[in-house]
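Worth saying up front: this structure is predicted, and the values here are computed from it rather than measured. Protein chains get the first letters and strands the later ones, always in sequence-line order, with residue 1 at the start of each.
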Amino acid sequence: MNLNLEKINGFSVLTIQDERIDAHNSGELKEYLLQMIEGGDKQIIVQLGHVRFIDSSGLGALLSGNKHIVAKSGRFALANIQKQVLSMFELTRLNRVFEIYADLNEAFSNEG
Amino acid sequence: MNLNLEKINGFSVLTIQDERIDAHNSGELKEYLLQMIEGGDKQIIVQLGHVRFIDSSGLGALLSGNKHIVAKSGRFALANIQKQVLSMFELTRLNRVFEIYADLNEAFSNEG
Amino acid sequence: MCSSFIQVDVVIQTQTKYLDLIGSIGERIAKELDNFTGDRAALAYQLNLVLTEATVNAIKHGCDNAPQNCVRVTIHLQENELNIKVFDHGQGFDLETVPLPDFEHPGESGMGLFLIRSYMDSVTYTRQSDYNVLEIIKHLK
Amino acid sequence: MCSSFIQVDVVIQTQTKYLDLIGSIGERIAKELDNFTGDRAALAYQLNLVLTEATVNAIKHGCDNAPQNCVRVTIHLQENELNIKVFDHGQGFDLETVPLPDFEHPGESGMGLFLIRSYMDSVTYTRQSDYNVLEIIKHLK
Ligand SMILES: Nc1ncnc2c1ncn2[C@@H]1O[C@H](COP(=O)(O)OP(=O)(O)O)[C@@H](O)[C@H]1O
Ligand SMILES: Nc1ncnc2c1ncn2[C@@H]1O[C@H](COP(=O)(O)OP(=O)(O)O)[C@@H](O)[C@H]1O
């Protein structure tokens, strides 16, 4: 999986460079998020702007990151979700679980 | 087939808007070119910039246009051919039959 | 004689790296649905998703995990219906007893069949003597 | 047991509008060739082309032209070989007697088989009792 991690405004911004998250690479995403959290990252924004497709295991990987960071009183947010991908969050009602922002600036300027 | 015809600098510039020319739509291209030529067009440039794929029937349609216009002492040129498409002209040696230009400007500035 | 407009049968080795291929073929077939009047981009996504979810299940549960095992997927497009079948050689399961996801306490798994059922019109799972088949139907209007 | 990494069998009605689908599937399979070290974009194009040319021939010559007739195409990917078969139910022809195109006086047709042979490693046409098959092999290195 092609991931890019930057520190911006005190946030750890993880940009997913792949167009597709499915059961083939979601395990890697999940592991990467867990290691970030174990390493001390408390404010994570996952940028999904490149992602055209996500399956249920991809949603599961994001959910896992969210749970672990919330357990440490941190923050987990998603940004730049494409239309069809967003409909997956809506159908599974995970849009009520995740903090979802239109873009990075909106995520930065929100208190959560 | 999605075609766009413009008159520029005395040339009839036919832009093919489809990404693919194959036996399904090459008949239409051939007919269109014949009608242009019968209607009096004598300087035709076909812009292939959008075309990602051409099959042998597509090459045949362009060849038909070329033959008919040359028979009337007109000019027929191709412009903006993508790399993989160009390799088809090379393999069939049709690059020696057609006038081929990198872009419209090069086609305009050449005497043929 | 063709009973369908398009029939695509795909057999892959039981490896998740081929999910993208199978999903992409489904997405590509959505372009051929001349008579479909709904949201074609949404349908393309849904077919990609449904094929991905169903194929993962067949890979995960459907066979002893030797990589030389294979999963077969068929996609048949008829005039008013798209029919998808995913075959497995595992123990099988009872589709009717699979619970809905717990939306109040969402888990990291257990959403696949829910998604398939949400987007498609009919889903059945049948055990035969030597294979099982998940059959998914989408009516096209 | 899977004898191939990927097997795709496509059956379409004998209509040229499905050429794009068949070519696209070939192009998509080029992405899966892990061991191929050559120019992948070129190979993707060539598979699209070869499938298009072979399928057109089966549509044009391979059956009485009732639209409910069908053409079957199979694409099998093995470790070092890509195997394409296109089946038809026509009168058949003798592949060996098809002449090269006349490059000095190029014609509007007659380039399909030349292109297939140029890009692929082996091309054969076999008549069976109830069908004919054009078999195309590309060695992958
Ligand atoms: N082909 C199959 N063979 C056996 N069991 C299956 C199959 N497909 C699904 N199941 C069972 O149904 C359950 C729910 O599947 P699903 O909704 O896709 O979620 P997940 O696969 O994430 O658990 C699986 O955990 C598994 O027990
Ligand atoms: N499947 C087929 N059945 C019968 N004849 C065929 C078949 N494929 C090719 N041919 C014959 O071979 C000739 C050359 O084919 P090809 O090189 O593809 O060029 P084209 O189809 O443009 O003529 C065709 O004109 C036809 O006579």
Side-chain angles (χ1 to χ4, degrees), chain A residues 1-2 16-35 37 46 48-71 76 78 81-100, chain C residues 12-28 30 38-62 65 67 71 86 98-120:
Chain A
M1 183 161 239
N2 232 316
I16 298 178
Q17 313 269 14
D18 290 322
E19 290 191 359
R20 183 174 165 100
I21 311 178
D22 67 14
H24 188 56
N25 57 7
S26 58
E28 207 183 311
L29 174 61
K30 182 174 158 174
E31 267 315 302
Y32 194 90
L33 287 169
L34 289 186
Q35 287 187 10
I37 296 165
V46 182
L48 293 165
H50 299 292
V51 177
R52 280 187 56 237
F53 180 89
I54 193 166
D55 76 352
S56 66
S57 75
L59 297 175
L62 296 173
L63 209 45
S64 157
N66 187 64
K67 272 188 197 162
H68 282 84
I69 210 161
V70 166
F76 192 87
L78 306 176
I81 306 183
Q82 292 191 21
K83 185 177 162 210
Q84 305 296 343
V85 172
L86 189 60
S87 72
M88 291 280 291
F89 286 87
E90 288 162 355
L91 180 58
T92 55
R93 303 183 210 175
L94 291 176
N95 55 339
R96 303 186 309 192
V97 173
F98 289 106
E99 281 185 49
I100 294 178
Chain C
I12 51 156
Q13 290 190 337
T14 51
Q15 297 181 36
T16 51
K17 68 173 174 178
Y18 297 126
L19 292 172
D20 190 359
L21 172 69
I22 291 194
S24 300
I25 290 175
E27 196 164 328
R28 183 62 188 69
D39 181 341
R40 214 172 268 252
L43 182 68
Y45 189 101
Q46 292 160 15
L47 293 180
N48 191 335
L49 181 76
V50 161
L51 284 161
T52 300
E53 298 288 347
T55 306
V56 172
N57 281 345
I59 291 174
K60 277 201 300 194
H61 313 290
N65 261 324
V71 171
V86 180
V98 174
L100 273 180
D102 179 349
F103 294 113
E104 296 310 314
H105 308 91
E108 288 172 36
S109 65
M111 285 182 291
L113 288 167
F114 164 74
L115 291 168
I116 295 174
R117 292 210 236 215
S118 301
Y119 287 131
M120 301 286 119

Quiz: residues 86-98 of chain A side-chain donor-acceptor pairs under 3.5 angstrom, not counting sequence neighbours:
unit_1: Ser87(A); atom_1: OG; unit_2: Gln84(A); atom_2: O; d: 2.6
unit_1: Thr92(A); atom_1: OG1; unit_2: Met88(A); atom_2: O; d: 2.7
unit_1: Thr92(A); atom_1: OG1; unit_2: Phe89(A); atom_2: O; d: 3.3

Run the side-chain donor-acceptor check on residues 103-113 of chain C: report pairs under 3.5 Å with partners two or more places apart or on a different chain.
unit_1: His105(C); atom_1: ND1; unit_2: Asp102(C); atom_2: OD2; d: 3.3
unit_1: Glu108(C); atom_1: OE1; unit_2: Lys30(A); atom_2: NZ; d: 2.8

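- At most 12 non-hydrogen atoms from other residues, nucleotides or ligands lie less than 6.0 angstrom from CZ of Arg52(A).
- Against chain A, the residues from residues 18-27 of chain C that qualify, each with a non-hydrogen atom under 4.5 angstrom away, are Leu19(C), Asp20(C), Glu27(C) in number order.
- Among the candidates Ile54(A), Asn25(A), Leu59(A), Leu62(A), the residue making the largest number of heavy-atom pairs closer than 4.5 Å to chain C is Ile54(A).
- By the 4.5 Å heavy-atom criterion applied to side chains, Asp55(A) and Leu49(C) are counted as neighbours.
- For chain A, the option among Leu115(C), Thr16(C), Thr55(C), Val56(C) with the highest count of heavy-atom pairs below 4.5 Å is Thr16(C).
- For His50(A), the NE2 atom is densely surrounded, since the number of other residues' heavy atoms within 6.0 Å is greater than 12.
- Heavy-atom distances place no part of Ala44(C) under 4.5 Å from chain A, backbone and side chain included.
- A donor-acceptor pair under 3.5 Å is formed between the side chain of Glu53(C) and the backbone N or O of Ser56(A).
- Looking at residues two or more places apart in sequence or on another chain, you find no salt bridge (Lys or Arg N to Asp or Glu O under 4.0 Å) involving Glu31(A).
- When every heavy atom of Phe53(A) is checked against every heavy atom of Thr52(C), the shortest pair comes out as CZ-OG1, 3.6 Å.
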